[in-house]
Structure formats: structure tokens, C-alpha cells
Amino acid sequence: MNFMLSEEHDMIRKMVRDFARKEVAPTAAIRDEEERFDEDIFRKMAELGLTGIPWPEKYGGIGSDYLAYCIAVEELSRVCASTGVTLSAHTSLAGWPIYAFGTEEQKMRYLKPMALGEKIGAYGLTESGSGSDAGGMKTTARRDGEHFILNGSKIFITNGGIADLYIVFAAAEEGVTAFIIEKECEGFSIGKKERKMGIRSSPTTEIIFDHCRVPAENVLGEIGSGFKIAMKTLDGGRNGIAAQAVGIAQGALDAALQYAQERKQFGKPIIANQGISFKLADMATAIEASRLLTYQAAWLETEGEPYGKASAMSKLLAGDTAMMVTTEAVQIFGGYGYTKDYPVERYMRDAKITQIYEGTQEIQRLVISRMLTK
Ligand SMILES: Cc1cc2nc3c(=O)[nH]c(=O)nc-3n(C[C@H](O)[C@H](O)[C@H](O)COP(=O)(O)OP(=O)(O)OC[C@H]3O[C@@H](n4cnc5c(N)ncnc54)[C@H](O)[C@@H]3O)c2cc1C
């Protein structure tokens, strides 16, 4: 067993950390305030190859692996969780199903420009009436010659409105079917944009299908196998969210550790109190455990081993860790932690979503407990 990162992983971490510090961190607070996505940052990520980390070079990627991708999401989220999830949804939720289930033609036509960062991807499964119970979807797909006609809507779609391509699931006669929808598709439109507690510079919107005409060649995988594709996609997606949660927690710990050494009360730095130093010890320990589980799940996926249970566990632990660590970070900052003068309140707001999306914590427990009894 070797816990050392390879030279390649180390290099990617250093590169993304440097990029995040110089290009992402300076505007993170203002983009959060203004609920503004910055396309320029995405384009710069593309120039560095970050938009196609795990995909082979022939599909526009850099031919690395899922661990490198998780490290990138972690380092971005350490300064800006919105930028982290933009990359996570683009790669795991939109890119992965095309890579895993797409035809060669679909990979060249859709995955390649996504990996090169020329197009942004999104994933549409959730509906107003079906969240945790995704099988209860009402969006329909009716065959019409060489097309399918989609009707219905999806809500809470990360990268909604900024994406060029949407992986969408709809109920066809043969069962739930996955489609690749181009934003220009007739009958497709963007609906309500959510105003959110956190990850505010990552746009979240409704997407609407009003007699949306999708060519049959845009079916992803087998007709009727969409539910399996949706669930498999979430298995990997969850580990991207675990990486996001680890990054958020690490960012909050970095800030709290520095503050605890600078802030003096009763004539000494507050870190001199065990009440504070023990908090920091617990925070660091929980982050390390979450990171190890996340990297292990990414390694399993890269090795072609089953990773569904590991990624549900990493998301569960890392999401709860991010919430605990960011809440404690605000506590360490005292009253200042509750203001927008310091970043920890943003980290705390951002952390909450990691307990909700890509399956709530309750659903992760359901997934894990089912696998335990299998
Ligand atoms: C910012 C944001 C971004 C998102 N991005 C995307 C995206 O890109 N694509 C996409 O398709 N979706 C996305 N989602 C949707 C997200 O995945 C869902 O919100 C989530 O799965 C929960 O569904 P729900 O909101 O309908 O809650 P519900 O399913 O209604 O759950 C409500 C509560 O009941 C609990 N619960 C439900 N069923 C059970 C059960 N069987 N046992 C125990 N507890 C249960 C839940 O854990 C939760 O606490 C996003 C959501 C948000 C807020």
C-alpha cells in the first residue's frame, strides 16, 4: 500500500493550487455577492487542461485519472466552491456518461469539445416532484420517426444557462432514456434561476422541454437504460462532491488556523486555549479522514474496481466534515466569523450543499446500508 501521491498528481495539485490562488480566489467573494459566473475563469481552466483531466487525449483530455480530477476540484473548492462544482458537474455529470456510454461519434462530437473547454456540460435528472426518488420523473420522451419529442422540465440544474450540452433523462415507452441535448435544440429553454444560500456563483436553473425535438442519434446508451446511466453517473459524481467538500473544509481550516494564532484575548493568542486548539485538531483529523476516503474512491474508479459504496461513503463523511469544520471555523472567528469581512461565513454557506446534492446524506446512508446487506 502506497499513500504517496505520484509525481503527476503532485504536479497537478501544485498547478491548480497556484491557479486557484492567482485567478480564482481574488474574485470569489464578489462573485458570490453578485451571484456571477465568470466564463473567463472556465476558459483559463480549459487552457490548463482542467476541463478534460480524466479523458484520453484523442477525446481532448489530458489522459490523467479520477484522482487528479478530484485533486483539482479540491484545490479549486479550497478558495471557491462554486468554481469547484462547475468543474465537477462538467466532468463527472456530463462528460462521464458520454465517455462511459456514448458512441465513438458522440464522444468526438460532444466529449471532445467539452474536454477542450469549448463547450460546458450539465446534467438534468431532478424534477419538482422527484428528487431523491428520481424514478418518479414526469418528463416524457415520445418517438416521432427519427426524433424523440420531450415534454416536461428539470429543476436545480448546475451550470444551467451557461452549459452548451445537457445530459437529460426522460421516460420513454421502453423506460427512462438518456439524451444529449444541445442548447440550440428546438423546444428547449432555460427557466427560473435559483437564488441560493451558497455556491452562488455557480448558476442553478430550471430547464424546460416544450415539444423539444431531439434527433434519435442523441440517445445516450440503450433506449430504456437511462435510469442505470443516471445512477452510475451519480456514483462517480458523488466523489467529485466529496472532493469539493474536502476543499471547502480545508479552506475554512486554513483561515481558522491563521486567525487563531493572530487573534489575542486575555493577553494571549486564542489558539493557546485548549478549547480552540482541540477544535482545530478535530477539524484537521476529520479532513484527513475525508480526504483519504475520497482519494481511495477515486483510485478504485481509476483501477476499474467497484467504487459505488466508497464514493457514497466519501460523500457522506466529507459533506458532514465540511459542515462541521466550517461551523467551527465561524466559531473560532467569533463575531467576525459572522460577518462578510472574513471568508468563513461563505465557506459555511457553501458547505451545506454538499450534504444535499447528488443524493442527500440520508440517501447516501440508504445506498451504503443496502450494499452492506448485499
Ligand atoms: C444547488 C443545487 C444544485 C443541484 N444540481 C443538480 C444538477 O446539476 N442536476 C440534477 O439533476 N439535480 C441537481 N440538484 C438536485 C439535488 O440533487 C436534489 O435537490 C437532491 O437530490 C434532493 O432532492 P429534493 O431536493 O427533491 O429533496 P427530497 O427528495 O424531497 O428530500 C427531502 C428530504 O427528505 C429526505 N428523504 C427523501 N427520501 C428519503 C428516504 N427514502 N429516506 C430518508 N430520507 C429521505 C431527504 O434526505 C431530504 O432530507 C441540485 C440541487 C441544488 C440545491
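Because only heavy atoms are used, hydrogens play no part in the values below, and waters and symmetry mates are left out as well, while side chains stay in. Start at 1 and go down the list; that is how both ligands and their atoms are numbered.
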closest protein heavy atom to atom 7 (C) of ligand 1 is F156 O, 3.3 Å

Scan the protein's non-hydrogen atoms and note whether one is under 4.0 Å from atom 34 (O) of ligand 1.
-> no

protein heavy-atom neighbour closest to atom 15 (C) of ligand 1 works out as T126 OG1, 3.2 Å

Practice task
For ligand 1, find out whether one of its N or O atoms is nearer than 3.5 Å to an N or O atom of I353.
Solution key: no

Distance col, row M348:CE vs Y338:OH, nearest 0.5 angstrom, shows 8.0 Å

Just checking K138: does its NZ atom have more than 12 heavy atoms from other residues, nucleotides or ligands closer to it than 6.0 angstrom? no

In this structure, CD1 of I276 is separated from CZ of R263 (nearest 0.5 Å) by 11.0 Å

Looking only at protein heavy atoms, what sits closest to atom 39 (C) of ligand 1 is I363 CD1, 4.1 Å

Closer than 4.0 Å and a protein heavy atom, does any atom meet both conditions relative to atom 12 (N) of ligand 1?
yes

inquiry  = Would K183 and F188 count as a cation-pi pair here, with the cationic atom under 6.0 angstrom from the ring centre and within 45° of the axis?
reply    = no

Strictly inside 4.0 angstrom of atom 37 (C) of ligand 1, do you find any protein heavy atom?
yes

CD/E7: more than 12 non-hydrogen atoms of other groups inside 6.0 Å:
no

### Message
Looking at Q261, I'd like to know if its CD atom is crowded, meaning that more than 12 non-hydrogen atoms belonging to other residues, nucleotides or ligands lie closer than 6.0 Å.
### Response
yes

Exercise for review: Kindly check if the number of other-residue, nucleotide or ligand heavy atoms within 6.0 Å of CD (E146) is above 12?
Suggested key: no

Q) Counting only heavy atoms not in Q331, do more than 12 sit closer than 6.0 Å to its CD atom? A) no

Any heavy atom of Q361 under 4.0 Å from ligand 1? The part involved is neither

Would you say ligand 1 has an N or O under 3.5 Å from any N or O of S130? no

re atom 31 (O) of ligand 1, the protein heavy-atom contact at minimum distance is S132 OG, 3.7 Å

May I have the step-by-step check of side chain to side chain contact (heavy atoms under 4.5 Å, CB included) for I12 and H9, ending in yes or no? CA-CA 5 Å; I12 287 183; H9 292 129; 5.6 Å; no

Scanning both residues in full, the closest heavy-atom pair of A318 with S290 reads CA-OG, 3.6 Å

The protein heavy atom nearest to atom 24 (P) of ligand 1 is G131 CA, 3.9 Å

Exercise for review: Using a cut-off of 6.0 Å, state whether more than 12 heavy atoms not belonging to R370 lie near its atom CZ.
Suggested key: no

*asked:* I'd like to check whether T360 has a polar contact with ligand 1, where a contact means an N/O of the residue lying under 3.5 Å from an N/O of the ligand.
replied: yes

The protein heavy atom nearest to atom 2 (C) of ligand 1 is Y357 CD2, 3.7 Å

of all protein heavy atoms, closest to atom 8 (O) of ligand 1 is T158 N, 3.0 Å

Nearest heavy-atom contact between T326 and Y347 is CG2-O, 3.5 Å

For I356, the ligand 1 atoms with a heavy-atom partner under 4.0 Å come out as 20 (C)

One finds that the ligand 1 atoms under 4.0 Å from a non-hydrogen atom of E358 are 17 (O)

Less than 3.5 Å between some nitrogen or oxygen of G124 and one of ligand 1, yes or no?
no

for atom 49 (O) of ligand 1, nearest protein heavy atom and its distance come out as E362 OE1, 3.6 Å

Counting from 1 in the order shown, the ligand 1 atoms closer than 4.0 Å to a non-hydrogen atom of K196 are 1 (C)

### Exercise check, heavy-atom protein proximity under 4.0 Å to atom 46 (C) of ligand 1
yes

